[in-house]
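Note that the numbering runs from 1 along the sequence shown for the chain. These numbers come from a predicted model, not from an experiment.
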Amino acid sequence: MARKAIVTGSDSGIGKATAVRLASDGFDVGVTWFGDREGAEGTAREVEEQGQRAVLTELDVTDFEAAAEIVESLASDLGGLDLFVNNAGGGETYPFLEFPLDAWQRVLDLNLTGAFVCAQRAARIMVGAGNGGRIVNITSVHEHIPLSEQAAYCAAKGGLGLLTKAMALELGEHGITVNAIAPGEIATPLTGAEDEDPSALERPALPLGRPGNAHEIAELVAWLAHPDARYATGASFVVDGGLMLTAGEFNRQTG
């Protein structure tokens with residue numbers, strides 16, 4: 001019997017790559033979108049090309065009550081829930097001194113509170129089924145290091161990183177593992193790269209010299225969903241091409 005996964009924001013980028021990769025491992029996938037139905041339909045077709053079932057629905061994670069019910073409905077339509085991937089997210093750019101409160105709240109609603117609401121409902125479904133499960137929260141390298149003019153995004157992703165640990169602490173007794181993946185720059189529409197081949201994009205400041213590819217993040221999600229990863233929980237896996245290693249190098253060059 002196919003395992004069941006829900007991937008939020010799976011109309012493009014990391015979410016799409018993850019949904020298709022999971023299908024290649026035998027998952028039926030709940031594909032969600034907000035603002036790009038055509039992209040989500042493309043994801044669903046690729047899932048089905050892998051011989052798996054795709055269930056497609058619109059999901060606005062900032063509509064908290066409705067979002068929780070949609071997660072419930074998707075799990076029901078799939079026939080269960082073994083893996084939940086919190087991928088929907090985004091930011092707004094303002095200098096800290098000028099950051100509007102309404103923009104701050106939108107970013108936290110999208111990246112933190114919406115993720116909490118969806119993951120909580122997913123966890124309740126898993127606990128009710130009694131078969132354990134996996135939850136993966138896609139955070140950002142900015143869970144760990146700041147970024148100028150992105151105070152809300154950094155705060156939200158940092159919060160989601162620590163929420164991941166709190167969830168892992170409490171859900172372990174139910175056989176549910178919870179981990180975060182913290183990508184650096186990934187060549188996706190979110191970063192303005194339109195899912196380009198990252199090998200063609202030069203990033204001299206990074207040790208690996210290029211941005212990442214969404215498929216490289218999807219591979220880590222697939223590993224965390226694999227039975228061999230059942231002892232990994234409460235961790236944040238940084239996949240950033242070495243970005244976090246460069247602060248000391250900067251200090252050496254400028255000091």
Side-chain angles (χ1 to χ4, degrees), residues 3-25 27-50 52-63 67 70-71 74-75 78 81-91 107 110-112 114-119 121-122 134-143 153 156-157 160 164 178-196 198 211-225 237 239:
R3 290 180 290 168
K4 319 294 183 182
I6 295 173
V7 183
T8 68
S10 41
D11 49 319
S12 67
I14 291 171
K16 176 178 182 177
T18 296
V20 176
R21 178 64 181 83
L22 291 171
S24 76
D25 275 355
F27 279 87
D28 292 337
V29 186
V31 174
T32 85
W33 60 279
F34 182 73
D36 185 9
R37 183 185 181 94
E38 184 177 350
E41 289 172 345
T43 302
R45 284 193 297 271
E46 292 193 40
V47 167
E48 290 165 352
E49 287 169 3
Q50 299 285 338
Q52 299 304 129
R53 182 168 170 247
V55 179
L56 180 65
T57 189
E58 184 175 16
L59 172 65
D60 177 1
V61 301
T62 68
D63 185 351
I70 288 170
V71 170
L74 265 179
L78 287 166
L81 185 60
D82 301 290
L83 168 66
F84 183 79
V85 182
N86 247 325
N87 173 69
V107 174
L110 173 59
N111 294 282
L112 181 56
F116 160 76
V117 167
C118 291
R121 183 58 63 93
R134 309 289 170 86
I135 297 174
V136 178
N137 294 321
I138 306 298
T139 59
S140 165
V141 68
H142 300 299
E143 170 196 344
Y153 185 76
K157 292 301 190 180
L160 184 56
T164 297
V178 189
N179 291 284
I181 298 176
E185 181 188 354
I186 305 298
T188 70
L190 182 64
T191 61
E194 302 301 328
D195 290 329
E196 293 181 40
N213 187 281
H215 299 288
E216 293 171 311
I217 306 303
E219 286 294 335
L220 183 49
V221 177
W223 179 76
L224 288 170
F237 294 85
V239 187

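With N111 contributing its side chain and G89 its backbone, the two residues share no donor-acceptor pair below 3.5 Å. With hydrogens and angles ignored, the 3.5 Å screen pairs no side-chain donor or acceptor of T57 with any backbone N or O of T32.
Under 4.0 Å is where a charged nitrogen must lie from a carboxylate oxygen, and between E41 and R37 at least one such pair does. A salt bridge does not link K4 with D82: every distance from a Lys NZ or Arg NE/NH1/NH2 to an Asp or Glu carboxylate oxygen is 4.0 Å or more.
A119 approaches N86 most closely through the heavy-atom pair CB-ND2, 3.5 Å. Taking all atoms of both residues into account, the shortest heavy-atom contact from L81 to A122 is CD2-CB, 3.7 Å.
By the side-chain contact (heavy atoms from CB on, under 4.5 Å) test, E48 is found to be paired with A54, residues two or more places apart in sequence or in another chain being considered. In terms of the side-chain hydrogen bond (donor to acceptor under 3.5 Å, both in side chains) criterion, residue partners of R121 (sequence neighbours excluded) are, by chain and number, E69, E72.
Rounded to the nearest 0.5 angstrom, I6 CD1 and I135 CD1 are separated by 10.5 Å.
Two residues are said to be in side-chain contact when any heavy atoms from C-beta on lie closer than 4.5 Å; V29 and T43 fail this criterion. Looking at heavy atoms from C-beta onward, T62 lies out of side-chain contact with F34 at the 4.5 angstrom threshold. Contact annotation: the side chain of I138 approaches that of V85 to within less than 4.5 Å [non-hydrogen atoms, C-beta and beyond].
Defined by atom type and a distance below 3.5 Å, a donor-acceptor pair is missing between the side-chain atoms of R21 and T18.
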